[in-house]
Structure formats: C-alpha cells, structure tokens
Protein chains: 2
Amino acid sequence: MKSMTSTPEKILDVAQSLIVKGGYNGFSYADISAAIGIRKASIHHHFPTKAELVSALVDRYNQQADAGLKSLRQQFSNPAEQLQTYLNYWQTCIRDAAPPFCVCAMLAGEMQMLPEEVESRVRVHFRSLANWLASVLQAGMELDLFRLDKRPEEVAQMLMASVHGAMLSARAFSDPELFTTIVTPQVARLRAPGC
Amino acid sequence: MKSMTSTPEKILDVAQSLIVKGGYNGFSYADISAAIGIRKASIHHHFPTKAELVSALVDRYNQQADAGLKSLRQQFSNPAEQLQTYLNYWQTCIRDAAPPFCVCAMLAGEMQMLPEEVESRVRVHFRSLANWLASVLQAGMELDLFRLDKRPEEVAQMLMASVHGAMLSARAFSDPELFTTIVTPQVARLRAPGC
DNA sequence: GACAAACTGCCTACCAGTAGGTAGGCGGAA
DNA sequence: TTCCGCCTACCTACTGGTAGGCAGTTTGTC
C-alpha cells in the first residue's frame with residue numbers, strides 16, 4: 001500500500017516538526033532528506049528555496065489553524081467552551097510532545113532575520129489568532145459569561161501572550177504541566193461571578 | 001585612547017545582540033569577527049567552542065540579572081515599585097530596541113537542540129527570575145499591596161509568561177508599545193483595592 | 001487507437017560559500 | 001623567557017542551490 005500523504009505534505013510535516021524544535025535556522029534540506037528518505041535535490045524540486053518552503057509551511061499552518069478555530073465556534077455554542085477547547089488543544093499537544101509549540105510563536109522570535117515573505121505570514125497568524133480570541137471574548141461578554149476589565153482586543157492580546165509565554169516556560173522547565181498551571185487561572189479570571 | 005571594554009567582553013556583547021536577533025543558530029563566529037574587527041581564530045582563542053561562548057554569555061547575563069534584581073530590592077522598599085521598575089526596564093529596552101528581547105527567553109525556544117551546558121544555564125535563569133518575582137509578590141502580599149488569588153509561586157510563573165509572551169507579540173507585530181499594553185493590566189490586577 | 005511530445009517526480013553529481021574549529025607563528029608585555 | 005593576544009593559513013563538514021539525466025505517466029494530434 002502506497003503512503004497516503006503526498007511527498008510535499010511529508011516534506012512540510014517534517015519541516016514543521018524541525019522548526020518547532022529549533023526554528024528557521026535550526027534545520028536544513030539535508031535533515032528533511034534524511035527523515036523522509038528522499039534526496040536533497042528532490043526537495044528543491046518541490047520547494048525551490050528554503051524561504052518558499054517555510055512560506056508554504058506557514059500558509060498551510062494558518063489555513064489549518066483558521067479551519068480549526070472556525071470549526072470550534074461551530075461545534076460549541078458557548079464561548080467559554082470554545083476558549084477552553086482551544087487551550088486544551090495546546091495542553092495535550094505539549095503534554096504528548098506532539099507539536100509542543102506553535103510554529104509561528106517560534107518564528108516570531110526570529111522575526112528580525114526571517115525572509116520578508118515568511119515574516120509577513122507569521123504576522124498574519126498572530127493577527128488572526130488575536131482576532132479569533134477577541135471575537136470569542138466579545139461573544140462571551142455579551143452572554144454575561146465573561147466580565148472583562150479591558151476591551152476584548154486588549155484582553156485577547158494578554159491571553160495570547162500568556163499562551164505563548166506558557167509554552168516557553170513549559171519548555172524551559174521541561175514541565176508540560178506548567179502550561180496549564182499558567183494558563184488556567186488566566187481564563188478563570190475572565191469568568192463572571194456566578195457561572 | 002584604547003577601548004575600555006576588553007575583547008572577551010566585546011565578543012560577548014556582540015554575540016548577545018546577535019542571539020537576541022536570531023537565536024543560537026542565528027549567528028556565527030564570522031559574524032562576530034566582522035562586527036568587532038578581529039579574526040575568527042582570535043575569537044576561538046578566547047572561547048574555544050560555540051557552546052562555551054554561549055555558556056559564558058548566559059552566565060554573565062544571569063549574573064547581571066541577579067545583580068540588577070537584587071539592587072532593585074535595595075533601591076525600592078515598596079514591592080509594587082520593584083515590580084514596576086523591572087517591567088519598565090524591559091519596556092524601555094523594547095522601545096529603544098536596545099536588547100529588545102531576553103536572551104534566555106530566546107534560547108528557551110531552542111531548548112531542545114541546545115548543548116546541555118547552555119540548556120542548564122537557561123533553566124537557571126528562568127528559575128531565579130521566577131524566584132525573584134515570587135519573593136516580591138510574597139512581600140507585597142504581606143504589606144497588603146497585592147491581593148493574590150493563587151500562591152505567589154504560581155502568580156510569578158503567570159507574570160513571567162506574560163512578560164515573555166508580550167516580548168514575542170511586540171516583535172511579531174513590530175509594535176514596542178504592545179509590550180506595555182499587555183503587561184500593565186496584568187500587574188494592575190495584582191493590586192489590592194485601595195492602593 | 002497509435003505515437004510523439006511534454007510533463008512528473010525523482011535521481012546523481014556538482015557548485016560556491018560558510019560553518020565551527022585547528023596549527024603554528026609573531027610581536028610585545030611581564 | 002615565558003606568556004598573551006592576535007594573526008595567517010588551513011581543515012573538514014555542511015549549507016542552500018543548480019544542471020542535467022532518466023524512467024513513467026499524460027497529453028494532443030492524426
């Protein structure tokens with residue numbers, strides 16, 4: 001039986017896991033080549049340059065994230081549940097070391113030396129995640145589930161920063177549970193009393 | 001007039017600014033060489049391997065940070081002021097693009113592929129920053145300046161994550177002000193009513 | 001339906017440039 | 001006289017990237 005995922009997909013999968021480990025400069029075509037048993041030149045056939053490879057990678061990641069977040073809003077009517085499910089996703093990712101870090105958070109650190117084409121795509125991710133969080137917060141506020149002391153956009157930024165910082169701490173301390181320890185109380189604070 | 005800083009110090013200075021830009025894999029001996037007008041081999045004379053160089057760098061960074069945080073506690077008797085001054089430090093750093101990022105936060109992202117000797121030193125930084133924050137929070141709580149809903153150690157972790165996440169967001173959006181926007185309300189939340 | 005042309009996906013072989021690192025020499029200060 | 005800081009010259013391994021070939025499939029045309 002032939003493998004079900006296409007070669008370009010496999011390349012992006014491996015590249016993503018490598019970026020999550022060591023960032024843009026932390027992997028090479030040779031690494032991918034070794035991982036999926038294909039020659040370096042063949043990778044260049046699919047993605048001529050490294051910048052194009054990572055751009056495609058972030059594009060795919062953004063699409064997946066958008067789709068995931070959108071389906072979250074359809075699946076759960078309760079904004080509090082939507083938010084919690086989003087956080088649970090990362091919680092299990094980090095615990096299972098699946099992709100224990102957000103690709104874009106990783107790349108954001110290296111922003112200053114990324115190719116422009118990649119940089120702009122990373123910014124897109126941050127923008128749309130912040131927007132999603134803000135709209136969930138807004139909805140929750142209107143339903144009296146959340147009581148915010150700031151505009152939803154600002155609280156969204158605070159929440160996003162907490163999530164990324166918590167990923168960093170979990171990694172620094174090699175303690176997956178730390179992610180939850182940090183993030184859970186942040187969410188609890190949003191809840192309006194009596195919910 | 002001779003330059004006042006010794007060559008090893010200059011090397012570490014340049015290396016630090018390069019790490020802050022692009023992480024461990026984001027710089028080379030050649031980069032440092034070009035920046036301070038010395039040959040690559042001469043850098044190896046002072047720091048035989050890259051791992052040793054970065055280890056020395058993080059050691060120095062940790063010492064400076066410890067000294068800075070310690071003097072902060074001596075300079076201000078009020079824990080709220082201590083905390084605020086710490087945050088102001090990063091705020092101005094990021095605004096002036098001085099070192100607009102914490103070296104250890106940067107390295108923490110690459111944790112999984114760092115040489116062991118560096119990894120352990122990064123962990124030390126996280127540990128001692130968390131301890132400092134926790135002790136400031138504890139002191140503030142005893143003086144009724146802060147009202148914490150969690151143990152000071154946990155709130156310290158939350159605060160630290162916020163700071164690092166805010167650095168990441170400021171960088172991703174190329175917006176230095178965002179750091180303050182994110183961090184200030186986090187601190188405000190700590191304050192006991194009537195202060 | 002036959003047949004050449006074009007296109008795939010991958011290969012081998014190669015390139016210039018750069019990575020981290022080494023060997024050994026040389027001038028000046030201790 | 002030895003040590004220090006820096007040098008030139010060099011090494012091997014690896015970086016991202018290219019040129020060109022070669023089977024197998026698709027395509028257009030008669």
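To find a chain, count down the sequence lines: A is the first, B the second, and so on, and within it residues start at 1. All heavy atoms count here, side chains included; hydrogens, waters and symmetry mates do not. No experiment lies behind these values; they were computed from the predicted model shown.
For the residue pair Gln63(B)/Asp59(B), the side-chain donor-acceptor check at 3.5 Å is not satisfied. If you check the side chains of Gln84(A) and Asn88(A), you find a donor sitting under 3.5 Å from an acceptor. There is no side-chain donor-acceptor pair under 3.5 Å between Thr180(B) and Arg95(B).
For the pair Tyr29(A) OH and dA13(D) P, the computed distance is 24 Å after rounding to whole Å. The nearest whole Å value for the distance from the CG atom in Asn25(B) to the P atom in dA13(D) is 20 Å. Between the CZ atom of Phe47(B) and the C1' atom of dC6(D) there is a distance of 15 Å, given to the nearest Å. We find that NZ of Lys50(A) is positioned 15 Å from P of dT18(D), with the value rounded to whole Å. One atom, NE2 of His44(B), and another, C1' of dC10(D), lie 13 Å apart when rounded to the nearest Å. Atom-to-atom, CD of Glu52(B) to C1' of dG20(C) comes out at 12 Å; the value is rounded to the nearest Å.
In this structure, Ser28(A) reaches the dT15(D) phosphate: one of its side-chain N or O atoms is under 4.0 Å from OP1 or OP2. Residue His46(A) places none of its side-chain N or O atoms closer than 4.0 Å to OP1 or OP2 of dT8(C). For dC10(C), one of the phosphate oxygens OP1 or OP2 lies less than 4.0 angstrom from a side-chain nitrogen or oxygen of Thr7(A).
Of the candidate nucleotides dG9(C), dC6(D), dA19(C), dC6(D) has the atom nearest to the side chain of His45(B).
Across all strands, Phe27(A) comes closer than 4.0 Å only to sugar-phosphate atoms, never to a base (heavy-atom distances).
The stretch residues 36-43 of chain A touches DNA chain C through Ile38(A), Arg39(A), Ala41(A), Ser42(A), each having a heavy atom under 4.0 angstrom from the strand.
Taking a cutoff of 4.0 Å between a charged side-chain nitrogen and a carboxylate oxygen, Glu117(B) and Arg121(B) do not qualify as a salt bridge. A salt bridge links Asp13(B) and Arg60(B); the closest N-O separation between the charged side-chain nitrogens and carboxylate oxygens is under 4.0 Å.
Between His44(B) and Tyr29(B), the ring-plane angle classifies as parallel under the 30° and 60° cut-offs.
Relative to the ring axis of Phe101(B), Lys21(B) does not place its NZ or CZ within 45° and under 6.0 Å from the centre.
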